[in-house]
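See below for the structure under consideration.
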Amino acid sequence: MDFVWITVALFPFYKCVECSGTAKEWTYTGAVGQPEWAEFFPECGGSNQSPVNVDTLQTLYDPTLIPVQPLGYNQHGKRPFILYNNGHTVQMALPHWMGVAGLPWHYSAVQLHLHWGSKVGVATGSEHTINGQSTAAELHIVHYNTEIYANMSEAKTQENGLAVLAILIEAGKDVNEGYGSILNYLGHIRYAGQNVAIPAFDIESLLPDNLSQYFRYNGSLTTPPCHQSVLWTIFNERVKISHSQLTKLQTVLYSSKVDGAEPIALQDNYRTTQPLNYRTVLSSFIPVSVKIYTAGEITAIVIGSLCGCIGLAVIICFIVKTIRLTSSWDVLPSIQPAPQSRSQNMAQEHKEDTALKMTTNPTKPEEAAPQPET
Ligand SMILES: *[C@@H]1O[C@H](CO)[C@@H](O)[C@H](O)[C@H]1NC(C)=O
Ligand SMILES: *[C@@H]1O[C@H](CO)[C@@H](O)[C@H](O)[C@H]1NC(C)=O
Ligand SMILES: *[C@@H]1O[C@H](CO)[C@@H](O)[C@H](O)[C@H]1NC(C)=O
């Protein structure tokens, strides 16, 4: 009797899970892809969304932004960390004693996770971009404000509730041991819903060396429900993982469950950059405004330099030809006359001397003439 009542009572709820406006499932592409997020999760359509593009020429230098100080990141203890494939990313819970200082409040660590792309040799996968440039991947270390809020679930929906450290990741030659502590275990959590206990390791090994240069702005979670509660710190220095480590991250995981008919690769789990909408991005340093060229500008520069080089080559050819021509005129008289003896040469020189005297002598009296008499 009771069972029937419950079934009847819950039926409309179950039915409505499928209906428009109440979906709890979301993806990066497809039916509840990024363009649809705002329809199902209204905060995703807000005006303070993340990620953003950081235009370094538009950032405001704030000398009060002190270096970020990780707290207890290297005191990992002996208890293993739990790595979890939640279908959207690989996530790792962090012990509550880890935290971060150097921010307006004290924040305690909750979890870290990654975002990445799918293409080999193309630097797309990061969520934040700097001067329009993506990197291959991005690590987020999520913290909540323990000074104002009781726990993560309370903090994540509130103003100043969360602080996320963002680390931009590039592919390079060398294997990164720190990142290896995570990436080496992805094979154990290929399917969504799987988790694995891994040896605890120093979380500081995931950070760049320089924690004093960063960008800071107010934004949101980059996944639904996109709560606008995040104080972002994006480090200027990037970290490098090896190409094979990146490939592992891009190819090992599935966004589908183990019982799914066909596994779906977990790739391109990054949100496109959102409008800044008059927010200010602060910088803790004066960014060197390295001009980043677009493909069009690069083409223009290449063609321009090519034309310049051709022009220069033409000019050089012309000059060389002119020099050859004039020097051949100089050389000609010395070749043509028959070899002369040394006495003949001397006689010649003597003749020239007398000729010179003859032409200069007559002018002398004229020059002397105007001298006034005393
Ligand atoms: C978080 O804190 C709020 C307020 O103190 C409390 O009501 C809630 O049960 C807590 N949630 C968890 C998951 O601990
Ligand atoms: C970070 O970079 C700044 C500027 O280049 C430098 O002054 C500072 O010493 C660096 N800090 C570390 C820890 O490397
Ligand atoms: C973020 O917002 C708070 C107000 O909630 C403000 O005090 C703070 O200056 C903002 N920080 C940045 C970096 O814009």
Side-chain angles (χ1 to χ4, degrees), residues 68-101 107-117 125-126 135-144 146 151-152 162-211 223 233 235 237-258 263 265-267 269:
V68 170
Q69 297 148 36
L71 302 174
Y73 271 36
N74 53 10
Q75 286 147 33
H76 49 75
K78 290 202 163 55
R79 293 185 63 178
F81 291 155
I82 306 296
L83 214 54
Y84 176 55
N85 177 345
N86 66 11
H88 301 297
T89 185
V90 50
Q91 186 168 311
M92 194 177 88
L94 291 172
H96 61 87
W97 64 81
M98 292 186 183
V100 64
Y107 291 84
S108 187
V110 181
Q111 48 104 337
L112 58 76
H113 62 263
L114 290 144
H115 299 269
W116 60 89
S126 70
T135 65
E138 184 169 333
L139 173 73
H140 288 162
I141 310 180
V142 182
H143 306 74
Y144 82 94
T146 50
N151 51 46
M152 173 66 176
L162 306 180
V164 181
L165 305 184
I167 294 104
L168 296 171
I169 301 167
E170 291 176 335
K173 277 209 309 280
D174 300 327
V175 171
N176 186 317
E177 302 293 345
Y179 281 81
S181 306
I182 294 172
L183 301 176
N184 293 346
Y185 297 94
L186 295 184
H188 298 270
I189 52 162
R190 296 199 76 174
Y191 294 92
Q194 293 184 326
N195 62 59
V196 64
I198 64 167
F201 65 95
D202 182 359
I203 301 300
E204 256 184 59
S205 66
L206 303 174
L207 299 177
D209 292 333
N210 200 316
L211 304 181
T223 58
T233 301
F235 291 111
E237 190 188 330
R238 288 124 195 237
V239 302
K240 281 200 165 73
I241 62 174
S242 73
H243 290 285
S244 67
Q245 284 182 310
L246 178 63
T247 302
K248 205 178 272 180
L249 181 62
Q250 290 175 337
T251 57
V252 169
L253 300 176
Y254 299 125
S255 63
S256 48
K257 292 202 161 73
V258 69
L266 175 40
Q267 295 179 322
N269 58 351

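S108 places no side-chain N or O within donor-acceptor distance of the main-chain N or O of G99, the cut-off being under 3.5 Å. The backbone N or O of T135 lies less than 3.5 Å from a partner atom in the side chain of S126, making a donor-acceptor pair. Within the 3.5 Å criterion, the main-chain N or O of N210 finds a donor-acceptor partner in the side chain of E237.
Summarising the geometry, atom NZ belonging to K173 is positioned 9.5 Å from atom NZ belonging to K240; distances are rounded to the nearest 0.5 Å. Rounding to the nearest 0.5 angstrom, the gap separating the CG atom in L186 from the CD atom in Q245 is 10.0 Å.
Contact between L206 and V239 at its shortest, heavy atoms only, is O-CG1, 3.9 Å. When all heavy atoms of S255 and A192 are compared, the closest pair comes out as O-CB, 3.5 Å. Taking all atoms of both residues into account, the shortest heavy-atom contact from T251 to R190 is O-NH2, 4.0 Å. The shortest non-hydrogen separation linking F81 to A93 is CD2-O, 4.4 Å. Considering every non-hydrogen atom in both T89 and L114, the closest pair reads OG1-O, 2.5 Å. Taking both residues in full, the closest heavy atoms of L183 and K248 are given as O-CD, 3.3 Å, listed atom of the first, atom of the second, then distance.
Contact annotation: the side chain of L207 approaches that of P70 to within less than 4.5 Å [non-hydrogen atoms, C-beta and beyond]. The side-chain heavy atoms of L211 and F235, taken from C-beta on, include a pair separated by under 4.5 Å. Residues H113 and V142 meet the side-chain proximity criterion, which asks for heavy atoms closer than 4.5 Å.
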Practice task
For the pair V90 and W116, evaluate side-chain contact (heavy atoms from CB on, under 4.5 Å) and give the outcome as yes or no after the intermediate values.
Solution key: CA-CA 10 Å; V90 50; W116 60 89; 4.0 Å; yes
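Aromatic ring orientation, Y73 versus H143: parallel (interplanar angle below 30°, classes split at 30° and 60°).
Y179 pairs with exactly one of L246, L249, N184, I167 by the side chain to side chain contact (heavy atoms under 4.5 Å, CB included) rule, that one being I167.
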